[in-house]
Amino acid sequence: AKAYAFSEDRALVVMPSGKKYFIDKAGQYKIDITKYDSAFAFTEGVCAVSLAGTWGYIDKLGLVKVPFRYQEAYPFSEGLA
C-alpha cells in the first residue's frame, strides 16, 4: 500500500489492488474514492478529485461540493481555488 501525508486529519491510501480511500489519524477508513481517477489533499474542508477527465471537489464525508466540470483543479486557499 502507498500512504500519503495527512492534511486536515485525512491521508490518502492507495492499495496495490487499485482501491483508494482516505483514513483518519486512528487509521479508520473514512471515504472510498476508488471511483475517482486522481485526488489532492484536503484543504479548507474539501479535496479536488478527477472523474473521467473533469475535476470537482468533495467534502470530508465524500459528498460532491463542487460539480465535475473543470479541466483542472487546485487546492483551496483563503476560500478560493
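Predicted model only: the values in this text are computed from it and were never measured.
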Quiz item: How far apart are the C-alpha atoms of Phe22 and Phe42, what are their side-chain angles, what is the distance that settles it, and do they pass the ring pair (Phe, Tyr, Trp, His ring centres under 6.0 Å) test?
Solution: CA-CA 10 Å; Phe22 281 98; Phe42 276 91; 4.9 Å; yes

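Listed here is the closest heavy atom pair of Gly53 and Asp37: N-OD2, 4.0 Å. Scanning all heavy atoms of the two residues, the minimum distance from Val64 to Phe68 falls at CG2-CE1, 3.7 Å. Annotation for Thr34 and Lys20: closest pair OG1-N, 3.0 Å, computed over non-hydrogen atoms.
Residues satisfying the salt bridge (Lys or Arg N to Asp or Glu O under 4.0 Å) test with Glu44, not counting sequence neighbours, are none. With sequence neighbours excluded, the residues satisfying side-chain contact (heavy atoms from CB on, under 4.5 Å) with Ala26 are Asp24, Gln28.
Screening Lys65, Lys30, Arg10 for a salt bridge (charged side-chain N to carboxylate O under 4.0 Å, His left out) involving Asp59 leaves a single residue, Lys65. Screening Phe76, Trp55, Tyr57 against Phe40 for a side-chain contact (heavy atoms from CB on, under 4.5 Å) leaves a single residue, Trp55.
Residues Phe6 and Val13 share a single hydrophobic cluster, defined by chaining ILVMFWY side chains whose heavy atoms lie under 4.5 Å apart.
Formation of a donor-acceptor pair under 3.5 Å by the Tyr36 side chain with backbone atoms of Ala39 is not found in this model. At least one donor-acceptor pair closer than 3.5 Å links the side chain of Lys60 to the backbone N or O of Glu8.
Residue pairs meeting the side-chain hydrogen bond (donor to acceptor under 3.5 Å, both in side chains) criterion with at least one partner in residues 67-81, sequence neighbours excluded, are Glu72-Tyr74.
The shortest distance between side-chain heavy atoms of Ile33 and Ile58 falls below 4.5 Å. A heavy-atom distance below 4.5 Å is not found between the side chains of Val14 and Tyr21.
Note that CG of Leu12 is 11.0 Å distant from OG of Ser7, once rounded to the nearest 0.5 Å.
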